[in-house]
Amino acid sequence: MTDLLPFIVVGLAAGSLYGLAGVGLTLTYTTTGVFNFAHGALAAAAAFVFFTLHVDWGWPWPLAVATAVVVVGALGGLVVERVTRNVSEADSAAGVVVTVGLMLAVQGLVQWHYGVTTRQVAPFLAGTTGHIGGVAVTAQQTAAIVIAAAATVGLFVFLRTSRLGTEMRAVVDNSSLLDLNGSNPNRVRTAAWMIGSSFAALTGVLIAPFLGLDASLLTLLVVQAFGAVAVGRFRSLPLTYAGGIAIGVGAALLTKWVGGHTVLAGLPAALPFLVLFLALVIWPPPALARQAAGGVSTRRTIAMPLKAKAGAGIVTAALVIAVPRLVGAKLPTFTSGAGFVIVFVSLALLVRTSGQISLCHASFGAVGATSFAYFASSSGLHLPWFLALVLAGLAVVPLGAVVAIPAIRLSGLHLALATFGFAILMERVAYPSALMFGALGLRRAPRPSFATGDTQLFYVTVAVAAAVCGLVVVITRTRLGRLLRGLAESPLALNTNGLNVSVARIVVFAISAFLAGIGGALFAAATGSVNGHSFGSFNSLLYLVILAVAGRALIPSAIVAAVALAVAPAYLPNAFVEYQGLIFGFTTVVLVLATTVRVNARSTRVVARLGANPVRARLVESGAST
Amino acid sequence: MLRIDAVTAGYGHTTVLHDVTVVVPDGSVVAMLGPNGAGKTTLLRVASGLLVPWSGRLIVDGTDATGASPHRLRSLGVCLVPEGRGIFPSLTVRENLRLCCRAGQETSGLERARESFPVLGKRLEQIAGTMSGGEQQMLALARAYAGDARVVLLDEVSMGLAPKVVDEIFAFLARLAAEGISLLLVEQYVSKAMAIADYVCLLDRGALSFVGEPAELSESTILANYLGAEAVGA
Amino acid sequence: MSGLEVSGLTVRFGGNVAVNNLSLEAPLGRLTGLIGPNGAGKTTTFAAISGLVRPDEGIIRLFDRDVSGLAAPPRAQLGLGRTFQRPELCSSLSVAENVALGWEARAAGGNPWRHLVPRRTDGRALREAVATAVELCGIGDIRERKVGSLSVGRRRLVELARVRAGGYRLLLLDEPSSGLETAETTRFGAVIRRMVDEDGVGILLVEHDMALVMEVCDYLFTLDFGERIFAGTPAATRASGVVRAAYLGDAVLQDAAG
């Protein structure tokens, strides 16, 4: 027991902070219906603000903590409320895109201002507070444990006794009734966002001394609170807090046990996501009462006349054929761009056509790339190049099914979270294994024997990309495509017309995973060798946000997105690459603000009409009676 | 005085109310009758601020409140008891009552609620969603009384309740009226509604087909409105 | 008897009994009405019959087969179609596409691949089904319009055309006339009457427009408080005091008597 004690102490401190972050996240999710992916980015921002005040400006730490928490909490709360106000009840896909965009924007802003290198910081509380069974407990650890517990208990008491707290619980039940009672639900939600953001900020300030100041690391650590939130079944604050502690202690103990096995080295850090994934799958949370079925918003695409389409197609084709002559040494960038077109088309098929969300498309790409390397390279099976390409796509399909089958019954948000948990699991546990990138973290992928030159390879990649685009267009134009659009807009109608809705969703997910795998494989062939970094879990978030910004038309948006992600950086200053997240995240936020202002007047009233409980209303009483 | 003035309203591409004008004078009870789908609930949504009309105005005591939010209308004294159970099911009875009073007036509001429905006083700490349907509806109605409303809009408050509970609820409505609170009553129990109403409006496919005093309205007109013209002859 | 048979159906939500020990039949070739005041449990009955709500007790038989344990899609596969009080349509698709979805969803079932590699016979069957349904429901003039731009009245006709195209033998229609103009309602009544008389389908109709119900239905079940309080022909129902009482409150009878 005594040899476990040090790990337990470390785990308790970390777990308290996961719990603290999780409690804030659960509060805002239940009161607003929006799951805030930007929660961790707010924590990172607060940590940087705190250390600027405390270390650089020499403020005493209590004042610096209070200032950082209040300023980031209040400001963050206001921003998140404003950005999510009109997406809150519309659809979960929009909520995911917006808060992921916000997360990338805030994180990028912090990196832009403070740089990307990790700053080591001394604990702001020096010394130890005592020994438990011979294990020294640092003052910093004690502070984390005590403050997290106090804040959680404080919030619990606040929700039970104060009027505002009661209103926050009431808004979960029925927000329009609260409005009818004379309390402004938006005011209540804003208050909830501020409290939730303060909890994130407090977590950031308390966790930074253990980790150093690194915006992406801090963001990700708070993302670990997702696991705690899943344990709390997305609604219970005490269970969330307990879940955080359990995850923290569990991860610390796991660190000890897997100490000798390099294969499992990633497991402790991945534990929260394993918990998130399993909790969603094994113990599905009840949907929030107000949660509408996930789906795409009403399309407003303007159809191009056929002649114009043909014209645009010919111009594009001519441009593509001319690319090798025009771009010179930058051709490989365009080749990998063509690979990314496939990845984006596969994501667009999923998001735009069937209204589902995947936050693990980079992982699909990675599996495609490494499988392709294995199938095609001379050190692997050395299969014919095209056969290896197709097999690489097929290798991803079972993975897509593993993620999608359990989560597909759940709402769009839960599917998004399950895929995100899966992406991080893959990155932490599978990427380093010999099956994927291995100890070197690198896989070499061959070019086809008939296209060893840069120009030939470019044409081969473009041809495959064009074929995939063609296939996707065929899918969306056939009756299957119509079925999928129907699925996104009215699953209830298709369900009662005899379609097995879950099977249809899984079919799309599998097609999308297959194509993403092919895209990843082509990217690998284009670059010659790939590492896990090209397919990091945050890349999936970036893909989704870029695609959202790139427009609404299926194929053009995928091409624009691929150009923006893979080709444009070659022509822009290095800073662009570093701040891609900031740029695209910021653009998403601005776009959301700009479009919701227009739709605002109608859409909010449509929500009001559905009343408090649209799902139940739709199923049981079939909506608005007049 | 609540005045719904020449209101046209609906959802999406569908017009539900066509140029409807309804006046609820101070201290009077107006019964709004008509079959399902006539637009009664939509009318109450407009009056309570849940739905902004496409045209026409909503006037409360001479001030134009068109487009005002529900909480703003509540502060002007307009209170809607919505269809279904207008309570927060996961909160206790005490918390439910607390939220319908202005800050600072919770204690007096609680007293008024207990006075109107003594059974609620015994269940203050119970989670509202675990009470019986009748008790939940009493709680929803107590809101209107506890929070000193001046115009109460009632949407099918007797729906799905046992006859005995319905009687108790109508007795409560009569008491509200006796205290000078105006009521706009959407109700399926026609005769019970007519018994306490000063004025009756008949709504048919989104337009008013009759406005007047209960005595002016014959039984056959109502039946025709509800059961279809042929039913009257039978 | 072939068609729909419900016996002893009970559905509870929490402590509330929405439907209590309800039995009814809707055979093929008959237009059966289900009426009752607001909150009587009509829509819940529909949800239980179509497989969207799991009943607490009771047996639902469809074409002499017990379907109580089946989910919604297999019930539809057996020939049960329905419409919704708030039309469930895809607003970004055209009228014709929405109608086609009824046929396609039923044809797909658990195998959506079927529509990726189309069979030639499918295409012809689909076109015929859509053309017939669109013609029957009189929405030919708006075939290519996006559903999002239509009034509720037109949407109801599109939904009806969709179940018609799906080839269902037994239809549950939930308040199909609400939002329709008077002329549209009359036309609607004629359409569903034709479907019963000429195609021999069975219809169970929840409807509040009593003029329509009395005009087109062959037989009526009346619900109140989730229980069946009367069953009979429209004439018998109209004459029955119990039905008036349910609609207007029991005091009406006394008033009428006095």
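All chains are named by letter (A, B, ...) in the order of the sequence lines, taking the proteins before the strands, and each is independently numbered beginning at 1.
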Quiz item: So do B:Pro82 and A:Leu177 actually touch side chain to side chain, heavy atoms under 4.5 Å?
Solution: yes
Quiz prompt | Worked check of side chain to side chain contact (heavy atoms under 4.5 Å, CB included) between B:Ser48 and A:Leu180 | solution = CA-CA 7 Å; B:Ser48 61; A:Leu180 290 168; 3.8 Å; yes
Practice problem: With a 4.5 Å cut-off on heavy-atom pairs, point out which of B:Leu91, B:Leu99, B:Thr92 contacts chain A the most. | Solution: B:Leu99
Practice problem: Report the distance from atom CD of B:Glu95 to atom CZ of A:Arg163, rounding to the nearest 0.5 Å. | Solution: 11.5 Å
Exercise. List the steps, then state whether side chain to side chain contact (heavy atoms under 4.5 Å, CB included) holds for B:Leu50 with A:Ser176.
Key: CA-CA 8 Å; B:Leu50 284 173; A:Ser176 59; 3.9 Å; yes
Quiz prompt | Region of A:Arg160 that comes under 4.5 Å of a non-hydrogen atom in chain B | solution = backbone
Quiz prompt | From OG1 (A:Thr166) to CZ (B:Arg94), nearest 0.5 Å | solution = 11.5 Å
Quiz item: If we ignore angles and hydrogens, is there a donor and acceptor under 3.5 Å between the side chains of B:Arg143 and A:Asn181?
Solution: yes
Quiz prompt | When B:Gly86, B:Gly129, B:Ala149 are compared by non-hydrogen pairs under 4.5 Å with chain A, the top option | solution = B:Gly86
Practice problem: Under the side chain to side chain contact (heavy atoms under 4.5 Å, CB included) rule, what do A:Leu178 and B:Phe88 come out as? Steps first, then yes or no, please. | Solution: CA-CA 9 Å; A:Leu178 188 66; B:Phe88 301 108; 4.0 Å; yes
Self-check item: B:Pro89, part contacting chain A, at a heavy-atom distance under 4.5 Å
Solution: both
Practice problem: For A:Asp179 and B:His71, indicate whether the former's side chain and the latter's backbone hold a donor-acceptor pair under 3.5 Å. | Solution: yes
Quiz item: Taking every heavy-atom pair that is under 4.5 Å apart, which of B:Cys101, B:Gly206, B:Cys79, B:Ala144 has the most such pairs with chain A?
Solution: B:Cys101
Practice problem: Could you look at B:Ser75 and say if it's the side chain, the backbone, both or neither that has a heavy atom under 4.5 Å from chain A? | Solution: neither
Exercise. Please look at B:Leu73 and chain A and tell me whether the side chain, the backbone, both or neither of the residue comes under 4.5 angstrom of a heavy atom of that chain.
Key: neither
Self-check item: Residue part contacting chain A, namely of B:Arg72, when any heavy atom lies under 4.5 Å
Solution: neither
